[in-house]
Trainee: 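What follows is a structure written as structure tokens; I'll ask about it next.
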Amino acid sequence: DVKVTQSSRYLVKRTGEKVFLECVQDMDHENMFWYRQDPGLGLRLIYFSYDVKMKEKGDIPEGYSVSREKKERFSLILESASTNQTSMYLCASSLVLGGGNTEAFFGQGTRLTVV
Amino acid sequence: GENVEQHPSTLSVQEGDSAVIKCTYSDSASNYFPWYKQELGKRPQLIIDIRSNVGEKKDQRIAVTLNKTAKHFSLHITETQPEDSAVYFCAAGGYYGGSQGNLIFGKGTKLSVKP
């Protein structure tokens, strides 16, 4: 079974703090993604990475950065947390085959509250 | 970049009826169209996917159709059951520029199946 594990299930941080959300996958997937899930807005892509040290901005990258130093680990960084970044964050990974994407497997999510 | 529109946002059906959810996408380079089901408090999980070289795919009570010309795809659930109640997300993925594997989601459809 593919396992995508996020480091925290719940997190409470203060405004202005630097926040790290970690995600690890154990299936040697090339692609890794960070999404933000808010009611009525669906899953919005923040960043994705298709290889070590490679990253692409998604639809809402402002206020976030990412790091992928090893293939299995993809970190989301909130440089200076703000209350409007309170949300559920979902990490996902997928294998790339000749024709493109395959099934994305999601982590359990991190519920971040910024106070 | 890719934009995925999903309709309706909520859908209520009687048990045994059929449910149809529709999505449109904007980028003709997209070649992978998965559907995910997310039950309350759980992570999204793939229920069916289709690639751009296929027009229709079925898996028991679930089917997906793709119209590449019109850039829309639909999820059909027949003989709905209460356990089908969940939020359903469509997505579009493919190659964009020099990178691989971007995956953009619609905003979701909350399906309620009434006994």
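Excluded from the calculations below are hydrogen atoms, water molecules and symmetry mates; all remaining heavy atoms, backbone and side chain alike, are included. Lettering follows sequence order; numbering is per chain, from 1. None of the values given here were measured: they were computed from a predicted structure.
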Trainee: Around B:Q60, counting heavy atoms of other residues, nucleotides and ligands shown, do more than 12 lie under 6.0 Å from its CD?
Mentor: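 Not buried by this count: 12 neighbours or fewer within 6.0 Å.
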Trainee: Could you walk me through whether B:E15 and B:T80 pass the side chain to side chain donor-acceptor pair (under 3.5 Å) test, one step at a time?
Mentor: CA-CA 5 Å; B:E15 183 177 359; B:T80 54; over 6 Å; no
Trainee: Could you please spell out the steps behind the side-chain contact (heavy atoms from CB on, under 4.5 Å) verdict for A:I77 and A:V19?
Mentor: CA-CA 6 Å; A:I77 303 156; A:V19 181; over 6 Å; no
Trainee: Looking only at heavy atoms, which of residues 38-46 of chain A get nearer than 4.5 Å to chain B?
Mentor: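 Result: A:G40, A:L41, A:G42, A:L43, A:L45.
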Trainee: Would you mind reporting whether A:Q6 and A:W34 have side-chain heavy atoms less than 4.5 Å apart?
Mentor: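 In contact.
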Trainee: Is there a side-chain contact between B:L103 and A:Y35, using heavy atoms and a 4.5 Å cut-off?
Mentor: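 Counting from C-beta outward, B:L103 and A:Y35 do come under 4.5 Å.
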Trainee: Can you name the residues of residues 104-115 of chain A that have some heavy atom under 4.5 Å away from a heavy atom in chain B?
Mentor: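 Under the 4.5 Å heavy-atom cut-off, A:A104, A:F106, A:G107, A:Q108 qualify.
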Trainee: Check whether the side chains of A:S65 and A:E79 place a donor and an acceptor atom closer than 3.5 Å, and report yes or no.
Mentor: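 A:E79 and A:S65 do have a side-chain donor-acceptor pair below 3.5 Å.
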Trainee: Indicate yes or no: at least one non-hydrogen side-chain atom of A:K71 is less than 4.5 angstrom from one of A:D28.
Mentor: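 Yes, close enough: below the 4.5 Å cut-off.
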Trainee: Is the closest side-chain donor-acceptor distance between A:S75 and A:E22 under 3.5 Å?
Mentor: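 Yes, side-chain donor-acceptor contact under 3.5 Å.
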Trainee: So which part of A:Q37 gets closer than 4.5 Å to some heavy atom of chain B, the side chain, the backbone, both or neither?
Mentor: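 Only the side chain of A:Q37 comes within 4.5 Å of chain B.
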Trainee: Distance-only, no hydrogens or angles: does the B:N31 side chain make a donor-acceptor pair with backbone N or O of B:S52 under 3.5 Å?
Mentor: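 Looks like no, no N/O pair under 3.5 Å.
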Trainee: Checking side-chain polar atoms at under 3.5 Å, does A:H29 have a donor or acceptor matched by the opposite partner on A:S93?
Mentor: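 Looking only at side-chain atoms, A:S93 and A:H29 do form a donor-acceptor pair, the distance falling under 3.5 Å.
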Trainee: Test your reading of the model: is there a side-chain donor-acceptor pair from A:S8 to the backbone of A:Y10, 3.5 Å cut-off?
Mentor: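 Flag not set: sc A:S8 to bb A:Y10 has no pair under 3.5 Å.
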Trainee: Quick check against the 3.5 Å criterion: does B:R61 have a side-chain atom that pairs as donor or acceptor with the backbone of B:E79?
Mentor: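 A pair under 3.5 Å: yes.
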Trainee: Heavy atoms only: give me the nearest A:T86-A:R36 pair and the separation to one decimal.
Mentor: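 Here A:T86 and A:R36 meet closest at O-NH2, 3.6 Å.
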Trainee: Which residues from residues 34-46 of chain B are near chain A, with near meaning under 4.5 Å between non-hydrogen atoms?
Mentor: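 The list, in residue order, reads B:Y36, B:Q38, B:G41, B:R43, B:P44, B:L46.
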Trainee: Would B:E2 and B:S26 count as a side chain to side chain donor-acceptor pair (under 3.5 Å) if you check the C-alpha gap in whole Å, the side-chain angles of each, and the deciding distance to 0.1 Å?
Mentor: CA-CA 6 Å; B:E2 176 63 278; B:S26 62; 2.8 Å; yes
Trainee: Can you tell which of A:M88, A:E30, A:E103, A:M54 has the highest number of heavy-atom pairs within less than 4.5 Å of chain B?
Mentor: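 Heavy-atom pairs under 4.5 Å are most numerous for A:E103.
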Trainee: If you compare all heavy atoms of B:V13 against all heavy atoms of B:S18, which two are closest, and at what distance to 0.1 Å?
Mentor: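 Scanning both residues, the minimum pair turns out to be CG1-O, 3.8 Å.
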Trainee: Does a donor on one side chain sit under 3.5 Å from an acceptor on the other, for B:Y32 and B:D49?
Mentor: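 Judged by distance alone, the side chains do pair up.
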Trainee: Please output the residues of residues 105-115 of chain B in contact with chain A, using a heavy-atom cutoff of under 4.5 Å, in numerical order.
Mentor: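 So far as heavy atoms go, B:F105, B:G106, B:K107 are the residues that approach chain A to under 4.5 Å.
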Trainee: Any side-chain heavy-atom pair from B:L66 and B:V54 closer than 4.5 angstrom?
Mentor: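 B:L66 does not reach B:V54 side chain to side chain.
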